[in-house]
Every structure is written in C-alpha cells, then in structure tokens.
A.B. asks: 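To start, I am sharing the structure in question, which I have written as structure tokens.
The structure presented is a predicted model; accordingly, all values stated were derived computationally and were not measured. For reference, positions follow the sequence shown, starting with 1.
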Amino acid sequence: MNINNQNVNIDDLFDKKYMHKKLNNGIFLSDYQIEVLNRYDIDVNTIGSISELIYLIDEVLESEDDSELDSISKEIIEFNYYTNTNK
C-alpha cells in the first residue's frame with residue numbers, strides 16, 4: 001500500500017502481541033500486558049474483575065517505580081473506561 005508516496009506493508013503496522021483478546025474472566029488484555037503483569041506475579045487467570053486487576057497493579061506501583069507497569073496500568077484503565085463506562 002502507498003502512504004505518502006512510500007510503500008508500506010500493513011503487517012508491519014501492528015504486532016499481534018499488542019492486540020487485546022478476551023480472557024476467560026472477561027478481561028481484555030494483550031499478550032504484552034500479560035507478559036509484564038506476570039513479571040510482577042500478577043496472575044490474570046485468578047483475577048475476578050478489572051477493578052481487582054487495577055488494585056493489584058496499584059499495590060505493586062506503590063512499592064516499585066516501573067514506568068512499563070505504570071504504562072500498562074494506564075492502558076488498562078483507559079480501555080476499561082471506553083468499554084465499560086456508560087456515556
């Protein structure tokens with residue numbers, strides 16, 4: 001595909017590990033987000049709600065300053081707002 005007179009491969013514009021998928025508990029997360037959460041021993045398969053997940057992330061962030069986890073937290077909060085809030 002041509003964009004701004006440059007040949008661009010659409011497949012290069014996204015990576016499947018960043019695409020959200022619905023987990024068994026109804027939470028939508030990407031493989032990348034799950035990978036980061038696992039580093040902090042947050043098992044997304046045992047979490048019952050998005051609120052619980054956000055709470056667990058906040059607990060970790062209180063004791064550790066990790067910009068990657070903070071970024072994941074913001075992404076999850078934003079995704080939750082746009083998918084679960086009546087507007």
A.B. asks: Pair up each side-chain donor or acceptor in residues 69-78 with any protein partner under 3.5 Å, not counting sequence neighbours, and list the distances.
C.D. replies:
residue, atom, partner, partner atom, Å
Asp70, OD2, Lys74, NZ, 3.3
Glu75, OE1, Gln33, NE2, 2.9

A.B. asks: Name all residues meeting the side-chain contact (heavy atoms from CB on, under 4.5 Å) criterion together with Ser51; count only those two or more places apart in sequence or in a different chain, and write none if there are none.
C.D. replies: Ser49
A.B. asks: For Phe28, what residues pass the ring pair (Phe, Tyr, Trp, His ring centres under 6.0 Å) criterion, not counting sequence neighbours?
C.D. replies: Phe79
A.B. asks: What distance do Ile50 atom CD1 and Ile27 atom CD1 have between them, rounded to the nearest 0.5 Å?
C.D. replies: 5.0 Å
A.B. asks: Is there any salt bridge (charged side-chain N to carboxylate O under 4.0 Å, His left out) pair reaching into residues 39-56, and which pairs are they, with sequence neighbours excluded?
C.D. replies: Glu35-Arg39, Arg39-Glu68
A.B. asks: Which donor-acceptor pairs under 3.5 Å do side chains of residues 54-64 form with protein atoms, sequence neighbours excluded?
C.D. replies:
residue, atom, partner, partner atom, Å
Tyr55, OH, Glu59, OE2, 2.9
Ser63, OG, Val60, O, 3.2

A.B. asks: Could you tell me whether the side chain of Asn25 and the main chain of Ile47 form a donor-acceptor pair under 3.5 Å?
C.D. replies: yes
A.B. asks: Just wondering, do Leu37 and Leu53 contact through their side chains at under 4.5 Å, heavy atoms?
C.D. replies: yes
